[in-house]
**Student:** 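Pasting a structure here, questions to come.
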Amino acid sequence: MKANNEFQVIVVGAGHAGCEAALAAARIGLQTLLLTINLDTVAALPCNPSIGGQGKGQLVREVDALGGEMGIVADETSIQRRRLNTRKGIAVQANRFQSDKEAYSRRMLQSLMLQPNLKLLQAMVSDLYFENGRLSGVRTISGQIWSAPAVILTTGTFLRGKIHIGDVSFSAGRAGEPAANDLGAALERIGLPVMRFKTGTPPRVDIATINFAGLEMQEEDPETPPFSLWSKAERRFPSRACFITRTTEETHRVIKENFGRSALIAGLITGTGARYCPSIEDKLNKFPDKETHKVFLEPEGAFSNEIYLQGLSTSLPEDVQEAYVATLPGLENARITRPGYGIEYDIVDPIDLYPTLMSRSVPNLFLAGQINGTSGYEEAAAQGILAGVNAAAAVLGRTPLVLDADQSYLGLMVEEITTLGIREPYRVFTSRSPFRLNLRMTNAEERLSQKAFACGSLAAEKMNVIDARHGLLADIQRRFEEIRLTPAQLREQLPDFAEPLPASSVSLAQLLRRPDASPVEFSRYIPDIAGLDHLGLLEIEARIKYSGYIEQQEREFSLRESMQAEELDDEFFAAIPAAVSREARMKILAVRPATVGVLARIPGVRASDLAVILMNLRKRQINRGRGNE
């Protein structure tokens, strides 16, 4: 490099998006600088102490397949592992891990510190730096200029962040950390489309003041696979249980009597909040007839004495928080250690972004995470790795990485926020994707790793392991289809599968398609099964059990593709099929899309809604054809 302050990529912010962006750019080989306000809060978990969940777990797996770090760190710092939706299909099953918050941050910091080509610096960025009208780096609050041809902003909730607790408001990026007020003003000054969003956290309480007797316990599921193929096998922390309590009539009375003291309801907060994760007062305001709401008691760490009250996000005053927490069963004597709060912050409308996450307004400026209006650690991390890869591609003059919606939930998210824009914090759900049978948690490497290797974010030695794994999975799947057992063999060797006894020979694949069958039950015929990792076992099961559904989905894709240009008229809007969900109906009527292709991209229109609509339109086409005969 020409000087100590010159780099090839600069990343601003070391949250989940910033860490993945910086690691990706450095792994590709670019000299990378990661700037953060506080090195002690790298990859912090300021909200719920968990990684994963429905849709989010799939994103963590995609980050891992692209060469990212989140899955490894989540595995190695987990204190409880659960697989969600196990009674449903594999497409919507997902990991959710409770993490030790402090250990998660320390473990991610270790990865950053050990990464070649990456320098970390504690400093607050106040402005972008331009030379001859071209983005050339950033300026810190001390006046120092750090130069680079590409800059990635991953500012989280820090851009002109403002915390609200009742009628008390103060500037902060999150509790205990300063807001990036100068940088927020700078982005608005250069003409980026700035908007205002809101999120929040619930109170934390002292575990010693909770009575757990009678509360519903959620223990670890020992059959949960890890997120990553690369994390260390041994567990570093003991498992800790979560618990569930519920709001009561008294809880609701206390909150409703204090509606006027809520910063949100009183109108002190002007930013738009997340519809899928509302504050407790917002829940009671919008759903006044609901008698009770679940509250999850989640430990903050393996040895922490604080419990996170998931489901009680709030901007009510501290005295009201104390009053309503005391109405919860088991928390009658609970002592709040940290009050909940609402926070509003600047975002940049992602309609300004290319699918590469580069700004249309400022070439070589990339944005990732909450600055794009998304919510969640997982959404941020996934955008971060994409931004890091594409910032490196821009500097090196390479073809950027663009992921389609049928390839990944990351591709779906980026397509939706960059083409449709957003009016509320965006989060990923499996129901958003018509391709969800193909976007399984278990096949992320098959979908994405070759692309990551081509970009340089996934090392060659890892790609070699994945290639060998792909070959093994394909071979095992082939043998399941080819190996057959006669009725006599079935009765003798697999008596549990002999009722009812088939009239002719059956393949192992036919037997595995039975609801309770597992691949390990057939290891005597396919010994290589014993060498599969847990995710591989689930993937084999998914490929074989859901082959019929996947074929049906392919037919639905063909129908959708053939009807992209089908125009929607007043007759359609007047008689949207009754089976379409209420949310989808409202979104469709609000947008009134001109064609099926536009309708299919409306957030809130689920795959099941689209399938109903396509079949309805197809019937209309057939009926019109008959009328013309």
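One is the number of the first residue; the rest follow in order along the sequence.
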**Student:** Taking all non-hydrogen atoms of both residues into account, name the closest pair between Ala509 and Ile544 and its distance.
**Tutor:** O-CG2, 3.6 Å

**Student:** Would you say the side-chain atoms of Arg447 pair up with the backbone N or O of Arg440, donor to acceptor, closer than 3.5 Å?
**Tutor:**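 Yes, because the side chain of Arg447 sits within donor-acceptor range (under 3.5 Å) of the backbone of Arg440.
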
**Student:** Closest approach of Val92 and Thr430, non-hydrogen atoms and distance?
**Tutor:**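 Scanning both residues, the minimum pair turns out to be CG1-OG1, 3.5 Å.
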
**Student:** Does the Glu416 side chain pair with the main chain of Met413, one donor and one acceptor, at a distance under 3.5 Å?
**Tutor:**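 Between the backbone of Met413 and the side chain of Glu416 there is no qualifying donor-acceptor contact (under 3.5 Å).
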
**Student:** Which ring pair (Phe, Tyr, Trp, His ring centres under 6.0 Å) pairs, counting each pair once, include a residue from residues 345-368, with sequence neighbours left out?
**Tutor:**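 Counting only pairs at least two positions apart or across chains, no ring pair (Phe, Tyr, Trp, His ring centres under 6.0 Å) contact touches residues 345-368.
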
**Student:** Give a yes or no on whether a salt bridge exists between Arg606 and Glu583, defined as a side-chain N under 4.0 angstrom from a carboxylate O.
**Tutor:**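 Judged by the 4.0 Å cut-off on N to carboxylate O distance, Arg606 and Glu583 do not form a salt bridge.
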
**Student:** Tell me whether Asp221 contacts the main-chain N or O of Arg81 through its side chain, where contact means a donor paired with an acceptor under 3.5 Å.
**Tutor:** no

**Student:** Counting C-beta onward and ignoring hydrogens, is there a side-chain heavy-atom pair between Ile422 and Ile347 closer than 4.5 Å?
**Tutor:**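 Ile422 vs Ile347: side chains touch.
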
**Student:** Taking atom types as modelled, is there a side-chain donor on Asp75 or Ser228 under 3.5 Å from an acceptor on the other?
**Tutor:** no

**Student:** Are side-chain N/O atoms of Thr155 and Gln370 paired as donor and acceptor at under 3.5 Å?
**Tutor:** no

**Student:** Quick one: are Leu192 and Asp352 in side-chain contact, heavy atoms under 4.5 Å?
**Tutor:** yes

**Student:** Atom CD of Glu566 and atom CG of Leu568: how far apart are they, to the nearest 0.5 Å?
**Tutor:**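 The CD atom of Glu566 sits 7.0 Å away from the CG atom of Leu568.
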
**Student:** Report yes or no: does Lys545 contribute a side-chain atom to a donor-acceptor pair with the main-chain N or O of Pro515 at less than 3.5 Å?
**Tutor:** yes

**Student:** Less than 4.0 angstrom from a charged side-chain N to a carboxylate O is my criterion; do Asp609 and Arg582 meet it?
**Tutor:** no

**Student:** Taking Glu481 first and then Arg513, would you say they form a salt bridge - that is, a charged N and a carboxylate O separated by under 4.0 Å?
**Tutor:**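 Yes.
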
**Student:** How far apart are the C-alpha atoms of Ile483 and Phe522, what are their side-chain angles, what is the distance that settles it, and do they pass the side-chain contact (heavy atoms from CB on, under 4.5 Å) test?
**Tutor:** CA-CA 10 Å; Ile483 297 174; Phe522 305 97; over 6 Å; no

**Student:** Show the nearest heavy-atom pair for residues Ala391 and Ile152, with the distance to one decimal.
**Tutor:** CB-CD1, 3.7 Å

**Student:** Quick one: does Glu415's side chain have a donor or acceptor within less than 3.5 Å of a partner on Pro355's backbone?
**Tutor:**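 Not a single qualifying donor-acceptor pair exists.
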
**Student:** Check whether any side-chain N or O of Asn443 sits under 3.5 Å from a backbone N or O of Asn438 as a donor-acceptor pair, and report yes or no.
**Tutor:**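 Checking the backbone N and O of Asn438 against the side chain of Asn443, a donor-acceptor pair under 3.5 Å is found.
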
**Student:** Are Arg585 and Phe573 in a cation-pi contact, defined as NZ or CZ under 6.0 Å from the six-membered ring centre and within 45° of the axis?
**Tutor:** no

**Student:** Side chains of Met70 and Asp64: does their closest heavy-atom pair fall under 4.5 Å?
**Tutor:**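 No, side chains not in contact.
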
**Student:** A quick test of your reading: do over 12 heavy atoms of other residues, nucleotides or ligands sit less than 6.0 Å from CD of Glu482?
**Tutor:** yes

**Student:** What verdict does the salt bridge (Lys or Arg N to Asp or Glu O under 4.0 Å) test give for Glu69 and Arg27, after you've listed the backbone C-alpha separation in whole Å, the side-chain angles of each residue and the deciding distance to 0.1 Å?
**Tutor:** CA-CA 12 Å; Glu69 199 75 6; Arg27 284 168 176 165; 2.7 Å; yes

**Student:** Would Val428 and Leu412 count as a side-chain contact (heavy atoms from CB on, under 4.5 Å) if you check the C-alpha gap in whole Å, the side-chain angles of each, and the deciding distance to 0.1 Å?
**Tutor:** CA-CA 9 Å; Val428 162; Leu412 172 69; 5.9 Å; no

**Student:** CD1 of Ile540 to CD of Gln477: how many Å apart, nearest 0.5 Å?
**Tutor:** 5.5 Å

**Student:** Is a side-chain donor or acceptor of His534 paired with a backbone partner of Glu223 at a separation under 3.5 angstrom?
**Tutor:** yes

**Student:** Determine yes or no for a side-chain-to-main-chain donor-acceptor pair under 3.5 angstrom, with Asn95 supplying the side chain and Pro225 the backbone.
**Tutor:**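 Present.
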
**Student:** Quick one: pull up CD1 in Ile588 and CZ in Phe572 and give me the separation to the nearest 0.5 Å.
**Tutor:** 5.0 Å

**Student:** Would you mind reporting whether Thr356 and Leu401 have side-chain heavy atoms less than 4.5 Å apart?
**Tutor:** no

**Student:** For salt bridge (Lys or Arg N to Asp or Glu O under 4.0 Å), just list the numbers for Asp467 and Lys462, CA-CA rounded to whole Å, side-chain angles, deciding distance to a tenth of an Å, and then say yes or no.
**Tutor:** CA-CA 9 Å; Asp467 282 340; Lys462 287 188 175 182; over 6 Å; no

**Student:** Is Ile280 close to Ser313 at the side-chain level, that is, under 4.5 Å between some pair of heavy atoms?
**Tutor:**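 In short, these two side chains do not touch, never coming nearer than 4.5 Å.
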
**Student:** Pairing donors with acceptors under 3.5 angstrom, does anything connect the side chains of Arg618 and Gln621?
**Tutor:**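 There is such a pair (donor and acceptor under 3.5 Å, judged by atom type) between the side chains of Arg618 and Gln621.
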
**Student:** Classify the angle between the aromatic ring planes of Phe97 and Phe227 as parallel (below 30°), tilted (30 to 60°) or perpendicular (above 60°).
**Tutor:** tilted

**Student:** Counting heavy atoms not belonging to Asp570, are there more than 12 under 6.0 Å from its CG?
**Tutor:**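 No, the 6.0 Å shell around CG holds no more than 12 heavy atoms from other groups.
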
**Student:** Could you check whether any side-chain heavy atom of Met441 comes within less than 4.5 Å of a side-chain heavy atom of Val60, counting everything from C-beta outward?
**Tutor:** no

**Student:** Taking Gln510 for the side chain and Ser507 for the main chain, is one N or O donor matched with an acceptor at less than 3.5 Å?
**Tutor:**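 Looks like yes, one N/O pair under 3.5 Å.
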
**Student:** Verify the distance criterion only: is there a donor paired with an acceptor across the side chains of Ser50 and Arg96 at less than 3.5 Å?
**Tutor:** yes

**Student:** Which heavy atom in Thr201 sits nearest to a heavy atom in Pro46, and how many Å separate them?
**Tutor:**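 Closest pair (atom of Thr201, atom of Pro46, distance): CG2-O, 3.9 Å.
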
**Student:** How far does CD1 of Ile385 sit from CG of Leu66, to the nearest 0.5 angstrom?
**Tutor:**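 Answer rounded to 0.5 Å: 5.0 Å.
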
**Student:** When you look at CZ of Phe287, are more than 12 heavy atoms from neighbouring residues, nucleotides or ligands closer to it than 6.0 Å?
**Tutor:**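 It does not: Phe287 CZ has 12 such atoms or fewer within range.
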
**Student:** Scan for salt bridge (charged side-chain N to carboxylate O under 4.0 Å, His left out) pairs involving residues 367-382, sequence neighbours excluded, and state none if there are none.
**Tutor:** Lys56-Glu378, Lys56-Glu379

**Student:** Are Phe480 and Pro519 packed together at the side-chain level, in the sense that at least one heavy-atom pair is separated by less than 4.5 angstrom?
**Tutor:**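 In contact.
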
**Student:** Between Thr374 and Gln383, does any side-chain donor sit less than 3.5 Å from a side-chain acceptor?
**Tutor:**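 Yes.
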
**Student:** For the atom pair CG (Leu159) and CZ (Phe197), what is the distance rounded to the nearest 0.5 Å?
**Tutor:** 13.0 Å

**Student:** Taking only residues two or more places apart in sequence, or in another chain, which ones meet Glu571 in a salt bridge (charged side-chain N to carboxylate O under 4.0 Å, His left out)?
**Tutor:** Arg620

**Student:** In the structure I gave you, are the side-chain heavy atoms of Leu357 and Leu367 within less than 4.5 Å of one another anywhere?
**Tutor:**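 No, every pair of side-chain atoms sits at 4.5 Å or beyond.
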
**Student:** Considering non-hydrogen atoms only, spot the tightest contact between Arg360 and Leu353 and give its length.
**Tutor:**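 Shortest heavy-atom separation between Arg360 and Leu353 comes out as NE-O, 3.3 Å.
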
**Student:** Taking atom types as modelled, find out whether Tyr409 and Glu62 have a side-chain donor-acceptor pair closer than 3.5 angstrom.
**Tutor:**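 Tyr409 vs Glu62: no donor-acceptor pair found between side chains.
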
**Student:** With a 4.0 Å cut-off, would you call Asp346 and Arg160 a salt bridge?
**Tutor:**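 Answer for the salt bridge query: yes.
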
**Student:** Surrounding CZ of Arg398 (heavy atoms of other residues, nucleotides or ligands, distance under 6.0 Å), is the total greater than 12?
**Tutor:** no

**Student:** Any ion pair linking Arg469 and Asp533 (charged N to carboxylate O, less than 4.0 Å)?
**Tutor:**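 A salt bridge links Asp533 with Arg469.
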
**Student:** Could you tell me whether Arg543 and Glu446 have a side-chain N and a carboxylate O separated by less than 4.0 Å?
**Tutor:** yes

**Student:** Say whether, by atom type as modelled, one donor and one acceptor occur between the side chain of Glu445 and the main chain of Met463 under 3.5 angstrom.
**Tutor:** no

**Student:** Going through the checks in order, is the side-chain contact (heavy atoms from CB on, under 4.5 Å) test met by Leu410 and Leu386?
**Tutor:** CA-CA 9 Å; Leu410 170 54; Leu386 182 65; 4.2 Å; yes

**Student:** Tell me, with the steps shown, if Thr595 and Val598 meet side-chain contact (heavy atoms from CB on, under 4.5 Å).
**Tutor:** CA-CA 5 Å; Thr595 65; Val598 177; 3.4 Å; yes

**Student:** Identify the heavy atoms of Ile351 and Thr419 that sit nearest to each other, and give their distance.
**Tutor:**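 So the two residues come closest at CD1-O, 3.3 Å.
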
